[in-house]
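Heads up, the thing below is written out as C-alpha coordinates.
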There are 2 protein chains.
Amino acid sequence: MSVRKDQIRIQAQTLFRERGYVATSMRDIAESLGIEAASLYNHIHSKEQILQEICFRMAEHFFAAIEPIVKSTVVPVEKLRLAIEAHLAVIAAHNDASAVFLHEWRHLGEPYLSDFKLMRNRYEKIFRTLIEDGIKSGDFRDMNIALTARTMLSAMNWTYESYNSKRKIDPAETASHIGTMMLKGILK
Amino acid sequence: MSVRKDQIRIQAQTLFRERGYVATSMRDIAESLGIEAASLYNHIHSKEQILQEICFRMAEHFFAAIEPIVKSTVVPVEKLRLAIEAHLAVIAAHNDASAVFLHEWRHLGEPYLSDFKLMRNRYEKIFRTLIEDGIKSGDFRDMNIALTARTMLSAMNWTYESYNSKRKIDPAETASHIGTMMLKGILK
DNA sequence: TTAATAAACTAACAACTGTTAGTTAGCTTT
DNA sequence: AAAGCTAACTAACAGTTGTTAGTTTATTAA
(Lines give C-alpha, C1' and ligand atoms only; values in the text may rest on other atoms or scores of the structure.)
Protein backbone atom coordinates (compact mmCIF):
# COMPACT_ATOMS: atom_id res chain seq x y z
CA MET A 1 0.00 0.00 0.00
CA SER A 2 1.97 2.97 1.32
CA VAL A 3 5.53 3.53 0.27
CA ARG A 4 6.69 3.72 3.88
CA LYS A 5 5.23 0.33 4.65
CA ASP A 6 7.18 -1.12 1.74
CA GLN A 7 10.36 0.46 3.08
CA ILE A 8 9.72 -1.12 6.46
CA ARG A 9 9.23 -4.54 4.89
CA ILE A 10 12.38 -4.22 2.81
CA GLN A 11 14.53 -3.18 5.75
CA ALA A 12 13.01 -5.93 7.86
CA GLN A 13 13.80 -8.51 5.18
CA THR A 14 17.46 -7.60 5.33
CA LEU A 15 17.61 -7.65 9.12
CA PHE A 16 15.55 -10.82 9.50
CA ARG A 17 17.86 -12.50 7.03
CA GLU A 18 21.02 -11.35 8.79
CA ARG A 19 20.05 -11.89 12.43
CA GLY A 20 16.85 -13.92 12.28
CA TYR A 21 13.31 -12.78 13.14
CA VAL A 22 13.51 -13.25 16.90
CA ALA A 23 16.90 -11.59 17.24
CA THR A 24 15.72 -8.53 15.32
CA SER A 25 13.93 -5.95 17.48
CA MET A 26 11.46 -3.32 16.38
CA ARG A 27 14.06 -0.80 17.50
CA ASP A 28 16.57 -2.38 15.08
CA ILE A 29 14.13 -2.01 12.21
CA ALA A 30 13.26 1.55 13.20
CA GLU A 31 16.90 2.52 13.50
CA SER A 32 17.65 1.23 10.01
CA LEU A 33 14.96 3.65 8.78
CA GLY A 34 16.12 6.54 10.95
CA ILE A 35 12.94 6.70 13.05
CA GLU A 36 11.76 5.59 16.47
CA ALA A 37 10.31 2.14 17.12
CA ALA A 38 6.90 3.50 18.08
CA SER A 39 6.63 5.29 14.74
CA LEU A 40 6.55 1.96 12.93
CA TYR A 41 3.06 1.39 14.31
CA ASN A 42 1.69 4.21 12.16
CA HIS A 43 2.29 1.85 9.24
CA ILE A 44 2.03 -1.72 10.52
CA HIS A 45 0.00 -3.56 13.14
CA SER A 46 2.66 -5.75 14.68
CA LYS A 47 6.10 -7.23 14.24
CA GLU A 48 4.57 -10.51 13.21
CA GLN A 49 2.54 -8.84 10.48
CA ILE A 50 5.81 -7.89 8.79
CA LEU A 51 6.90 -11.51 8.83
CA GLN A 52 3.53 -12.61 7.51
CA GLU A 53 3.71 -10.27 4.56
CA ILE A 54 7.25 -11.31 3.71
CA CYS A 55 6.36 -15.00 3.81
CA PHE A 56 3.05 -14.89 1.95
CA ARG A 57 4.27 -12.48 -0.70
CA MET A 58 7.11 -14.89 -1.44
CA ALA A 59 4.67 -17.78 -1.62
CA GLU A 60 2.72 -15.83 -4.24
CA HIS A 61 5.89 -15.21 -6.22
CA PHE A 62 6.73 -18.90 -6.29
CA PHE A 63 3.24 -19.95 -7.38
CA ALA A 64 3.01 -17.21 -9.98
CA ALA A 65 6.30 -18.30 -11.51
CA ILE A 66 5.48 -21.97 -11.70
CA GLU A 67 1.77 -22.13 -12.56
CA PRO A 68 2.04 -21.14 -16.25
CA ILE A 69 4.69 -23.82 -16.68
CA VAL A 70 2.53 -26.50 -15.08
CA LYS A 71 -0.39 -25.53 -17.33
CA SER A 72 1.76 -25.55 -20.47
CA THR A 73 1.87 -28.53 -22.80
CA VAL A 74 5.59 -29.22 -22.98
CA VAL A 75 6.91 -32.70 -22.39
CA PRO A 76 7.44 -33.79 -18.71
CA VAL A 77 11.22 -33.60 -18.72
CA GLU A 78 11.23 -30.10 -20.12
CA LYS A 79 8.44 -29.06 -17.78
CA LEU A 80 10.48 -30.00 -14.75
CA ARG A 81 13.53 -28.23 -16.12
CA LEU A 82 11.49 -25.05 -16.63
CA ALA A 83 10.03 -25.34 -13.15
CA ILE A 84 13.49 -25.62 -11.63
CA GLU A 85 14.68 -22.59 -13.53
CA ALA A 86 11.58 -20.61 -12.57
CA HIS A 87 11.99 -21.48 -8.90
CA LEU A 88 15.65 -20.46 -8.96
CA ALA A 89 14.81 -17.22 -10.77
CA VAL A 90 12.37 -16.24 -8.02
CA ILE A 91 15.03 -16.85 -5.38
CA ALA A 92 17.57 -14.82 -7.32
CA ALA A 93 15.10 -11.96 -7.77
CA HIS A 94 14.03 -11.90 -4.10
CA ASN A 95 17.15 -12.66 -2.25
CA ASP A 96 16.61 -11.52 1.31
CA ALA A 97 12.93 -12.36 1.24
CA SER A 98 13.73 -15.91 0.15
CA ALA A 99 16.03 -16.38 3.10
CA VAL A 100 13.29 -15.20 5.47
CA PHE A 101 10.65 -17.27 3.69
CA LEU A 102 12.77 -20.40 4.01
CA HIS A 103 13.99 -20.05 7.59
CA GLU A 104 11.72 -17.77 9.63
CA TRP A 105 8.24 -19.04 8.77
CA ARG A 106 8.14 -21.18 11.90
CA HIS A 107 7.82 -18.01 13.99
CA LEU A 108 4.45 -17.28 12.43
CA GLY A 109 1.56 -17.56 14.86
CA GLU A 110 -1.70 -19.34 14.19
CA PRO A 111 -3.63 -19.42 11.95
CA TYR A 112 -0.89 -18.15 9.65
CA LEU A 113 1.48 -20.96 10.54
CA SER A 114 -1.00 -23.65 9.49
CA ASP A 115 -1.87 -21.74 6.32
CA PHE A 116 1.78 -21.46 5.49
CA LYS A 117 2.40 -25.17 5.94
CA LEU A 118 -0.56 -25.99 3.73
CA MET A 119 0.69 -23.68 1.00
CA ARG A 120 4.16 -25.10 1.18
CA ASN A 121 2.84 -28.63 0.93
CA ARG A 122 0.73 -27.59 -2.05
CA TYR A 123 3.85 -26.20 -3.70
CA GLU A 124 5.88 -29.34 -3.05
CA LYS A 125 3.03 -31.37 -4.45
CA ILE A 126 3.45 -29.57 -7.76
CA PHE A 127 7.01 -30.81 -7.95
CA ARG A 128 5.95 -34.29 -6.89
CA THR A 129 3.42 -34.35 -9.70
CA LEU A 130 5.99 -33.18 -12.24
CA ILE A 131 8.31 -35.97 -11.15
CA GLU A 132 5.47 -38.50 -11.23
CA ASP A 133 4.55 -37.45 -14.78
CA GLY A 134 8.14 -38.01 -15.84
CA ILE A 135 8.10 -41.48 -14.37
CA LYS A 136 4.81 -42.30 -16.12
CA SER A 137 6.20 -41.05 -19.42
CA GLY A 138 9.14 -43.40 -18.93
CA ASP A 139 11.74 -40.65 -18.83
CA PHE A 140 12.54 -40.86 -15.13
CA ARG A 141 13.45 -43.91 -13.11
CA ASP A 142 10.86 -45.36 -10.75
CA MET A 143 11.77 -43.83 -7.40
CA ASN A 144 10.58 -42.45 -4.08
CA ILE A 145 8.79 -39.36 -5.33
CA ALA A 146 8.50 -37.47 -2.05
CA LEU A 147 12.15 -38.01 -1.27
CA THR A 148 13.16 -36.89 -4.73
CA ALA A 149 11.07 -33.73 -4.58
CA ARG A 150 12.43 -32.71 -1.18
CA THR A 151 15.98 -33.34 -2.33
CA MET A 152 15.47 -31.26 -5.44
CA LEU A 153 13.92 -28.35 -3.58
CA SER A 154 16.69 -28.39 -0.99
CA ALA A 155 19.30 -28.49 -3.72
CA MET A 156 17.78 -25.24 -4.97
CA ASN A 157 16.87 -23.45 -1.77
CA TRP A 158 20.38 -22.68 -0.60
CA THR A 159 21.12 -20.49 -3.62
CA TYR A 160 19.93 -17.24 -2.02
CA GLU A 161 23.16 -17.42 0.00
CA SER A 162 25.30 -17.10 -3.09
CA TYR A 163 23.88 -13.74 -4.13
CA ASN A 164 25.22 -12.01 -1.08
CA SER A 165 28.97 -12.27 -1.22
CA LYS A 166 31.57 -10.29 -3.11
CA ARG A 167 31.93 -12.91 -5.84
CA LYS A 168 29.50 -12.16 -8.62
CA ILE A 169 27.39 -15.19 -9.35
CA ASP A 170 25.33 -15.57 -12.50
CA PRO A 171 21.82 -16.77 -11.57
CA ALA A 172 21.29 -18.20 -15.06
CA GLU A 173 24.45 -20.29 -14.89
CA THR A 174 23.49 -21.50 -11.44
CA ALA A 175 20.02 -22.47 -12.64
CA SER A 176 21.39 -24.23 -15.69
CA HIS A 177 23.86 -26.26 -13.67
CA ILE A 178 21.46 -27.27 -10.92
CA GLY A 179 18.77 -28.07 -13.50
CA THR A 180 21.11 -30.33 -15.44
CA MET A 181 22.40 -31.98 -12.30
CA MET A 182 18.92 -32.74 -10.95
CA LEU A 183 17.56 -33.99 -14.26
CA LYS A 184 20.52 -36.22 -15.06
CA GLY A 185 20.18 -37.49 -11.51
CA ILE A 186 16.74 -38.90 -12.12
CA LEU A 187 16.71 -39.73 -15.83
CA LYS A 188 16.67 -43.39 -16.81
CA MET B 1 32.05 -34.24 31.42
CA SER B 2 29.31 -34.43 34.04
CA VAL B 3 26.13 -36.34 33.32
CA ARG B 4 23.98 -33.34 34.19
CA LYS B 5 25.77 -31.17 31.68
CA ASP B 6 25.07 -33.76 29.01
CA GLN B 7 21.40 -33.75 29.95
CA ILE B 8 21.33 -29.98 29.62
CA ARG B 9 22.88 -30.14 26.18
CA ILE B 10 20.48 -32.82 25.01
CA GLN B 11 17.41 -30.94 26.21
CA ALA B 12 18.76 -27.74 24.70
CA GLN B 13 19.28 -29.49 21.36
CA THR B 14 15.63 -30.42 21.21
CA LEU B 15 14.41 -26.97 22.19
CA PHE B 16 16.85 -25.11 19.95
CA ARG B 17 15.72 -27.26 17.09
CA GLU B 18 12.02 -26.72 17.76
CA ARG B 19 11.99 -23.00 18.58
CA GLY B 20 15.42 -21.75 17.55
CA TYR B 21 18.27 -20.62 19.81
CA VAL B 22 17.10 -17.06 20.39
CA ALA B 23 13.50 -18.02 21.06
CA THR B 24 14.55 -20.59 23.66
CA SER B 25 15.11 -19.14 27.13
CA MET B 26 17.23 -20.51 29.91
CA ARG B 27 13.97 -20.91 31.83
CA ASP B 28 12.63 -23.10 29.02
CA ILE B 29 15.69 -25.34 29.21
CA ALA B 30 15.55 -25.47 33.00
CA GLU B 31 11.85 -26.31 32.99
CA SER B 32 12.42 -29.23 30.62
CA LEU B 33 14.83 -30.60 33.23
CA GLY B 34 12.56 -29.85 36.18
CA ILE B 35 14.90 -27.31 37.78
CA GLU B 36 15.23 -23.52 38.05
CA ALA B 37 17.06 -21.44 35.47
CA ALA B 38 19.71 -20.30 37.91
CA SER B 39 20.59 -23.91 38.71
CA LEU B 40 21.83 -24.41 35.18
CA TYR B 41 24.81 -22.21 35.99
CA ASN B 42 26.18 -24.84 38.36
CA HIS B 43 26.93 -26.84 35.22
CA ILE B 44 27.47 -24.42 32.36
CA HIS B 45 28.96 -20.97 31.94
CA SER B 46 26.45 -19.37 29.64
CA LYS B 47 23.64 -20.00 27.21
CA GLU B 48 26.02 -19.50 24.33
CA GLN B 49 28.37 -22.15 25.66
CA ILE B 50 25.61 -24.71 25.16
CA LEU B 51 25.28 -23.65 21.54
CA GLN B 52 29.04 -23.78 21.08
CA GLU B 53 29.26 -27.33 22.35
CA ILE B 54 26.39 -28.50 20.18
CA CYS B 55 27.91 -26.95 17.06
CA PHE B 56 31.52 -28.01 17.56
CA ARG B 57 30.66 -31.52 18.67
CA MET B 58 28.69 -31.95 15.47
CA ALA B 59 31.59 -30.63 13.45
CA GLU B 60 33.78 -33.30 15.04
CA HIS B 61 31.25 -35.99 14.15
CA PHE B 62 31.22 -34.94 10.52
CA PHE B 63 35.00 -34.85 10.22
CA ALA B 64 35.41 -38.14 12.05
CA ALA B 65 32.99 -39.84 9.69
CA ILE B 66 34.54 -38.58 6.51
CA GLU B 67 38.29 -38.56 7.15
CA PRO B 68 38.89 -42.32 6.93
CA ILE B 69 37.05 -42.32 3.61
CA VAL B 70 39.16 -39.49 2.23
CA LYS B 71 42.35 -41.31 3.27
CA SER B 72 41.24 -44.59 1.75
CA THR B 73 42.38 -45.69 -1.67
CA VAL B 74 39.08 -46.40 -3.39
CA VAL B 75 38.37 -44.90 -6.79
CA PRO B 76 37.07 -41.26 -6.87
CA VAL B 77 33.47 -42.10 -7.76
CA GLU B 78 33.16 -44.61 -4.96
CA LYS B 79 34.91 -42.28 -2.55
CA LEU B 80 32.32 -39.58 -3.13
CA ARG B 81 29.49 -42.07 -2.76
CA LEU B 82 30.92 -43.24 0.57
CA ALA B 83 31.36 -39.64 1.71
CA ILE B 84 27.73 -38.86 0.92
CA GLU B 85 26.56 -41.91 2.82
CA ALA B 86 28.79 -41.07 5.78
CA HIS B 87 27.54 -37.51 5.91
CA LEU B 88 23.92 -38.66 5.81
CA ALA B 89 24.59 -41.28 8.50
CA VAL B 90 25.88 -38.60 10.86
CA ILE B 91 22.76 -36.50 10.32
CA ALA B 92 20.53 -39.52 10.90
CA ALA B 93 22.42 -40.42 14.09
CA HIS B 94 22.37 -36.86 15.50
CA ASN B 95 19.06 -35.54 14.48
CA ASP B 96 18.33 -32.57 16.69
CA ALA B 97 21.98 -31.57 16.93
CA SER B 98 22.23 -31.51 13.14
CA ALA B 99 19.32 -29.11 12.90
CA VAL B 100 20.98 -26.81 15.43
CA PHE B 101 24.37 -27.16 13.76
CA LEU B 102 22.92 -26.23 10.38
CA HIS B 103 20.66 -23.33 11.40
CA GLU B 104 21.75 -21.78 14.68
CA TRP B 105 25.51 -21.40 14.25
CA ARG B 106 25.13 -17.79 13.22
CA HIS B 107 24.22 -16.90 16.80
CA LEU B 108 27.68 -17.88 17.95
CA GLY B 109 29.75 -14.96 19.19
CA GLU B 110 33.35 -14.30 18.28
CA PRO B 111 35.81 -15.90 18.12
CA TYR B 112 33.66 -19.02 17.85
CA LEU B 113 31.74 -17.72 14.87
CA SER B 114 34.90 -17.25 12.82
CA ASP B 115 36.24 -20.61 13.91
CA PHE B 116 33.00 -22.24 12.91
CA LYS B 117 33.01 -20.68 9.47
CA LEU B 118 36.60 -21.82 8.91
CA MET B 119 35.76 -25.37 9.90
CA ARG B 120 32.71 -25.41 7.69
CA ASN B 121 34.74 -24.16 4.76
CA ARG B 122 37.36 -26.82 5.44
CA TYR B 123 34.63 -29.44 5.38
CA GLU B 124 33.16 -28.17 2.14
CA LYS B 125 36.64 -28.16 0.67
CA ILE B 126 36.84 -31.90 1.25
CA PHE B 127 33.80 -32.38 -0.95
CA ARG B 128 35.19 -29.97 -3.52
CA THR B 129 38.36 -32.02 -3.68
CA LEU B 130 36.46 -35.28 -4.05
CA ILE B 131 34.54 -33.76 -6.96
CA GLU B 132 37.72 -32.38 -8.48
CA ASP B 133 39.36 -35.80 -8.29
CA GLY B 134 36.41 -37.32 -10.10
CA ILE B 135 36.73 -34.74 -12.87
CA LYS B 136 40.47 -35.41 -13.18
CA SER B 137 39.88 -39.14 -13.38
CA GLY B 138 37.46 -38.47 -16.23
CA ASP B 139 34.43 -39.85 -14.41
CA PHE B 140 32.65 -36.55 -13.76
CA ARG B 141 31.85 -33.83 -16.23
CA ASP B 142 33.89 -30.65 -16.16
CA MET B 143 31.79 -28.29 -14.05
CA ASN B 144 31.69 -25.50 -11.50
CA ILE B 145 33.12 -27.35 -8.52
CA ALA B 146 32.08 -24.95 -5.76
CA LEU B 147 28.53 -24.79 -7.07
CA THR B 148 28.34 -28.56 -7.32
CA ALA B 149 29.63 -29.10 -3.79
CA ARG B 150 27.18 -26.63 -2.28
CA THR B 151 24.31 -28.17 -4.19
CA MET B 152 25.24 -31.65 -3.03
CA LEU B 153 25.58 -30.64 0.60
CA SER B 154 22.26 -28.81 0.53
CA ALA B 155 20.61 -31.80 -1.08
CA MET B 156 21.75 -33.77 1.97
CA ASN B 157 21.33 -31.28 4.78
CA TRP B 158 17.54 -31.19 4.84
CA THR B 159 17.28 -34.86 5.77
CA TYR B 160 17.28 -34.29 9.55
CA GLU B 161 13.71 -33.04 9.04
CA SER B 162 12.52 -36.41 7.85
CA TYR B 163 13.48 -38.26 11.02
CA ASN B 164 11.01 -36.37 13.14
CA SER B 165 7.57 -37.16 11.79
CA LYS B 166 5.28 -40.10 12.30
CA ARG B 167 6.25 -41.73 9.02
CA LYS B 168 9.17 -44.06 9.59
CA ILE B 169 11.96 -43.22 7.22
CA ASP B 170 14.88 -45.55 6.55
CA PRO B 171 18.15 -43.60 6.69
CA ALA B 172 19.90 -46.17 4.53
CA GLU B 173 17.31 -45.92 1.78
CA THR B 174 17.47 -42.14 1.92
CA ALA B 175 21.25 -42.21 1.67
CA SER B 176 21.19 -44.65 -1.19
CA HIS B 177 18.71 -42.61 -3.17
CA ILE B 178 20.38 -39.25 -2.64
CA GLY B 179 23.79 -40.77 -3.34
CA THR B 180 22.62 -42.24 -6.63
CA MET B 181 20.85 -39.05 -7.61
CA MET B 182 23.86 -36.86 -6.93
CA LEU B 183 26.33 -39.17 -8.64
CA LYS B 184 24.24 -39.71 -11.75
CA GLY B 185 23.80 -35.96 -11.81
CA ILE B 186 27.48 -35.33 -12.31
CA LEU B 187 28.72 -38.42 -14.12
CA LYS B 188 29.78 -38.04 -17.72
C1' DT C 1 30.75 -36.72 63.91
C1' DT C 2 32.52 -33.19 61.27
C1' DA C 3 33.89 -31.00 57.28
C1' DA C 4 33.60 -30.45 52.41
C1' DT C 5 31.38 -30.58 48.15
C1' DA C 6 27.75 -30.66 44.66
C1' DA C 7 23.60 -29.07 43.08
C1' DA C 8 19.62 -27.31 43.97
C1' DC C 9 17.04 -23.11 45.71
C1' DT C 10 15.08 -17.90 46.26
C1' DA C 11 15.55 -13.24 45.13
C1' DA C 12 16.99 -9.88 42.53
C1' DC C 13 19.51 -7.08 38.86
C1' DA C 14 19.71 -4.25 34.71
C1' DA C 15 18.76 -4.48 30.10
C1' DC C 16 15.70 -5.23 26.55
C1' DT C 17 11.16 -6.71 24.46
C1' DG C 18 6.69 -5.40 21.72
C1' DT C 19 3.35 -2.25 22.15
C1' DT C 20 0.17 1.75 23.63
C1' DA C 21 -1.14 6.56 24.73
C1' DG C 22 -0.85 11.06 24.02
C1' DT C 23 1.45 14.93 21.66
C1' DT C 24 3.48 17.70 17.99
C1' DA C 25 5.02 19.39 13.56
C1' DG C 26 4.25 19.85 8.71
C1' DC C 27 1.40 19.30 4.59
C1' DT C 28 -2.94 19.35 2.03
C1' DT C 29 -7.62 20.40 1.43
C1' DT C 30 -11.52 23.18 2.43
C1' DA D 1 -7.22 31.18 7.61
C1' DA D 2 -9.12 26.92 9.44
C1' DA D 3 -9.48 22.17 9.69
C1' DG D 4 -7.87 17.57 8.95
C1' DC D 5 -4.54 14.21 8.07
C1' DT D 6 -0.07 11.95 8.06
C1' DA D 7 3.82 10.51 10.26
C1' DA D 8 6.86 11.52 13.30
C1' DC D 9 7.87 12.18 18.39
C1' DT D 10 8.39 11.29 23.89
C1' DA D 11 7.24 8.59 27.71
C1' DA D 12 5.88 4.76 29.65
C1' DC D 13 3.88 -0.05 30.42
C1' DA D 14 4.30 -4.86 31.81
C1' DG D 15 6.67 -8.81 30.70
C1' DT D 16 10.86 -11.40 29.61
C1' DT D 17 15.79 -11.94 29.11
C1' DG D 18 20.55 -13.88 30.78
C1' DT D 19 22.90 -13.82 34.72
C1' DT D 20 24.68 -13.13 39.69
C1' DA D 21 24.66 -13.41 44.78
C1' DG D 22 23.72 -15.65 48.62
C1' DT D 23 21.49 -19.60 50.93
C1' DT D 24 19.92 -24.31 51.78
C1' DT D 25 19.97 -29.22 51.42
C1' DA D 26 21.69 -33.72 50.55
C1' DT D 27 25.54 -36.59 49.71
C1' DT D 28 30.39 -37.89 50.26
C1' DA D 29 35.19 -37.86 52.55
C1' DA D 30 37.98 -37.24 56.56
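We name chains A, B, ... by the order of the sequence lines, and we start the count at 1 in each one. Since the structure is predicted, the reported quantities are computational estimates derived from the model, not experimental observations. Hydrogens, waters and symmetry mates are skipped; everything else that's a heavy atom, side chains included, is used.
When only modelled atom types and interatomic distance are considered, A:E53 and A:Q49 share a side-chain donor-acceptor pair under 3.5 Å. Donor-acceptor pairing under 3.5 Å is recorded for the side chains of A:E110 and A:S114.
Relative to the side chain of B:R27, the nucleotides D:dA7, D:dG18, C:dC9 differ in distance, and D:dG18 lies closest. Listed nucleotides: C:dT20, D:dA7, C:dC9. Nearest to the side chain of B:A38: C:dC9.
Protein atom CD1 of A:I8 is 14 Å distant from nucleotide atom P of C:dG18, rounded to whole Å. Here C:dT19 presents its C1' atom at 13 Å from CG of A:N42, a figure rounded to the nearest Å. Taking atom CZ of B:R19 as the reference point, atom P of D:dT16 lies 13 Å away to the nearest angstrom. Between the C1' atom of C:dT19 and the CG atom of A:L40 lies a distance of 11 Å, rounded to the nearest Å. One atom, NE2 of B:H107, and another, C1' of D:dT17, lie 15 Å apart when rounded to the nearest Å. Atom-to-atom, CE of A:M26 to P of C:dT19 comes out at 6 Å; the value is rounded to the nearest Å. In this structure, the OH atom of A:Y41 is 16 Å from the C1' atom of D:dT10, given to the nearest Å. In this structure, A:Y21 places its OH atom 13 Å from P of C:dT17, rounding to the nearest Å.
Across all strands shown, A:S25 has heavy atoms under 4.0 Å from sugar-phosphate atoms exclusively, and none from any base. Contacts of A:R4 with the nucleic acid, taken as non-hydrogen atoms under 4.0 Å apart, involve only primed sugar atoms and P, OP1 or OP2.
A cation-pi arrangement is absent between B:R106 and B:Y21, since the terminal nitrogen or guanidinium carbon is not both under 6.0 Å from the aromatic centre and inside a 45° cone about the axis.
Checking A:G34 against B:K47, the closest nucleotide of DNA chain D that is more toward the 5' end is the one next to A:G34.
For A:F101 and A:F116, the gap between ring centers is short of 6.0 Å. Between B:Y123 and B:H87, the ring centre distance stays below 6.0 Å. Between B:Y160 and B:H103, the distance from one ring center to the other falls under 6.0 angstrom.
Considering only side-chain N and O atoms, B:S39 lies under 4.0 angstrom from the phosphate OP1 or OP2 of C:dC9. Using a 4.0 Å cut-off, some side-chain N or O of B:H43 falls inside it from OP1 or OP2 of C:dA8.
Under the 4.0 Å criterion applied to side-chain N and carboxylate O atoms, A:R150 and B:E161 are assigned as salt-bridge partners.
Applying a 4.0 Å cut-off to non-hydrogen atoms, none of the residues of residues 48-55 of chain A approaches DNA chain C.
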